[in-house]
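Only one structure is covered here, and it is reproduced in the block below.
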Amino acid sequence: FVSLTIIVSLLLVTSPALAGGKTLNMALSWLDENIETTKGWNGWTVTRCGIGENLVQIDENLNIKPVVAESWEQIDPTTTVFTIRDGVRFHNGQMVDAAACKTSIERAHSITDRKDMKFPLDSITADGNKLTIKTTKPYSILTNILADPVYIIVDAKAASKDPEGFKVKPICTGAFKVVTFMPDRGLSLVKHEQYWKGVPDVDTVNVKYLADGATRSMALQSGEIDLATSLNANDLKLLEKSEKFNVQKGPNLRVYLLRLNFQRPYMKNPAFRQALAHGISKDIYATKIASGVPARGPFNSMQPFGYKGDE
């Protein structure tokens with residue numbers, strides 16, 4: 001089945017901090033041992049918390065939108081030129097130009113453990129605010145790849161000076177910068193005073209790691225947190241009935257599936273597996289249990305290129 005992206009927040013999401021200003025308390029459902037953006041899916045934490053940004057990003061309608069790059073142009077099948085936005089600064093105050101983006105992308109491409117993010121790179125050149133990326137062959141999904149959090153723009157020079165420290169305090173361009181990171185507890189963030197979109201209205205962000213969906217729901221209802229994602233379907237129904245909460249949800253491209261355990265002797269019997277497949281109502285499982293959309297293939301019917309058949 002295909003899931004829905006769900007975000008629930010209190011309508012009054014900020015509260016006065018003890019030392020003045022505004023504080024946002026939020027919860028994440030997943031946290032790894034560090035937040036080095038090039039490793040695994042750590043970059044998603046950096047993106048979700050407003051710490052890091054890419055050249056471009058995929059919006060809620062699956063369109064590519066400009067972020068650190070204000071525009072881009074594919075000038076031939078293997079060459080794309082990005083224009084880097086003026087006024088973007090890293091969390092340490094350093095200006096972001098095409099050279100900084102070049103070094104960041106080359107670093108990510110070189111050290112990431114995500115093989116699916118290794119695009120056929122020929123060369124990257126920087127001239128002022130013009131960043132030119134050439135591939136060894138036509139590669140139509142280059143901007144999609146660069147929108148993945150693996151390619152969050154970071155201060156690669158700072159990373160090379162303190163690689164271990166950078167794993168827990170990456171220097172990026174987002175609205176908030178990391179003060180502390182503890183993999184078993186969460187993060188504390190402060191606003192980026194030189195953020196290119198303007199100074200954020202929230203001064204500090206406390207990010208709690210709450211793996212259990214029911215716990216996140218109870219924390220929302222008690223006022224312990226102001227915002228949470230990926231709640232359980234039953235809890236979502238309860239929160240949608242309350243005027244205290246703002247529930248945002250929409251389709252995403254993530255596909256969930258059931259796996260068969262072939263260590264069980266009976267699972268090795270094709271007839272048993274066939275009977276099991278016929279005995280499970282996939283549509284009921286997807287819609288009633290998981291609150292998702294039944295999948296007929298890798299792309300769901302809500303997408304313009306998705307399969308819209310019944311089987």
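Here, residue 1 is the first one in the sequence, and each next residue gets the next number.
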Say whether, by atom type as modelled, one donor and one acceptor occur between the side chain of [X] and the main chain of [Y] under 3.5 angstrom.
{"X": "T112", "Y": "A108", "answer": "no"}
{"X": "K169", "Y": "V179", "answer": "yes"}
{"X": "D226", "Y": "N25", "answer": "yes"}
{"X": "R107", "Y": "T38", "answer": "no"}
{"X": "D122", "Y": "K134", "answer": "no"}
{"X": "S188", "Y": "T180", "answer": "yes"}
{"X": "S242", "Y": "L238", "answer": "no"}
{"X": "N232", "Y": "D235", "answer": "no"}
{"X": "S222", "Y": "M218", "answer": "yes"}

| field | Check ion pair E240-K237 (N to O, under 4.0 angstrom) | value | no
| Salt bridge present between D203 and K191 (N-O < 4.0 angstrom) | yes
Do [X] and [Y] have side chains that get closer than 4.5 Å, going by heavy atoms?
{"X": "I124", "Y": "L131", "answer": "yes"}
{"X": "T83", "Y": "E73", "answer": "no"}
{"X": "L24", "Y": "K22", "answer": "no"}
{"X": "L146", "Y": "I133", "answer": "yes"}
{"X": "T78", "Y": "T136", "answer": "no"}
{"X": "V205", "Y": "C49", "answer": "no"}
{"X": "I153", "Y": "C101", "answer": "yes"}

| request: List the steps and the verdict of side chain to side chain contact (heavy atoms under 4.5 Å, CB included) for N144 and I58. | output: CA-CA 7 Å; N144 299 64; I58 298 176; 4.3 Å; yes
Looking at every non-hydrogen atom in both residues, tell me the closest pair between [X] and [Y] and how far apart they are.
{"X": "G186", "Y": "L31", "result": "CA-CD2, 3.8 Å"}
{"X": "R216", "Y": "A228", "result": "CB-CB, 4.4 Å"}
{"X": "V81", "Y": "K130", "result": "CG1-CD, 4.2 Å"}
{"X": "V67", "Y": "R85", "result": "O-NE, 2.7 Å"}
{"X": "A98", "Y": "N129", "result": "CB-C, 3.9 Å"}
{"X": "D283", "Y": "T287", "result": "O-OG1, 2.7 Å"}

| query | Using a distance-only test with no angle check, is there a side-chain donor-acceptor pair under 3.5 angstrom linking T204 and N206? | reply | no
| task | Could I get the full list of ring-ring contact (aromatic ring centres under 6.0 Å, His included) partners for Y209, not counting sequence neighbours? | result | none
| request: Please list, chain by chain and in numerical order, all residues satisfying ring-ring contact (aromatic ring centres under 6.0 Å, His included) with F262, sequence neighbours excluded. | output: none
| query | Does the side chain to side chain contact (heavy atoms under 4.5 Å, CB included) test come out yes or no for D32 and W41, once each step is laid out? | reply | CA-CA 8 Å; D32 212 330; W41 286 264; over 6 Å; no
ILVMFWY network linking [X] to [Y], side-chain heavy atoms under 4.5 angstrom:
{"X": "I111", "Y": "I152", "result": "no"}
{"X": "L142", "Y": "I105", "result": "yes"}
{"X": "V168", "Y": "V178", "result": "yes"}
{"X": "V88", "Y": "W72", "result": "yes"}
{"X": "L231", "Y": "W44", "result": "no"}

| task | Any chance you could lay out the side chain to side chain contact (heavy atoms under 4.5 Å, CB included) test for V154 and V46, step after step, and finish with the verdict? | result | CA-CA 11 Å; V154 304; V46 177; over 6 Å; no
Atom pair [atom1]/[atom2] of [X] and [Y] - distance to nearest 0.5 Å:
{"X": "I64", "Y": "L55", "atom1": "CD1", "atom2": "CG", "value": "11.0 Å"}
{"X": "E224", "Y": "K208", "atom1": "CD", "atom2": "NZ", "value": "3.5 Å"}
{"X": "M267", "Y": "N269", "atom1": "CE", "atom2": "CG", "value": "10.5 Å"}
{"X": "I171", "Y": "D162", "atom1": "CD1", "atom2": "CG", "value": "8.5 Å"}

| Test side-chain hydrogen bond (donor to acceptor under 3.5 Å, both in side chains) applied to K268 - qualifying residues, sequence neighbours left out | none
| note | Here the ring-ring contact (aromatic ring centres under 6.0 Å, His included) pairs for residues 147-202, sequence neighbours left out, are H91-H192, F119-Y151
| query | For K177, what residues pass the salt bridge (charged side-chain N to carboxylate O under 4.0 Å, His left out) criterion, not counting sequence neighbours? | reply | none
| All salt bridge (charged side-chain N to carboxylate O under 4.0 Å, His left out) counterparts of R114, not counting sequence neighbours | D116, D148
| task | Start with the C-alpha gap between D155 and Q94, add the side-chain angles, then the distance that decides, and say whether side chain to side chain contact (heavy atoms under 4.5 Å, CB included) holds. | result | CA-CA 8 Å; D155 188 339; Q94 295 295 314; 4.1 Å; yes
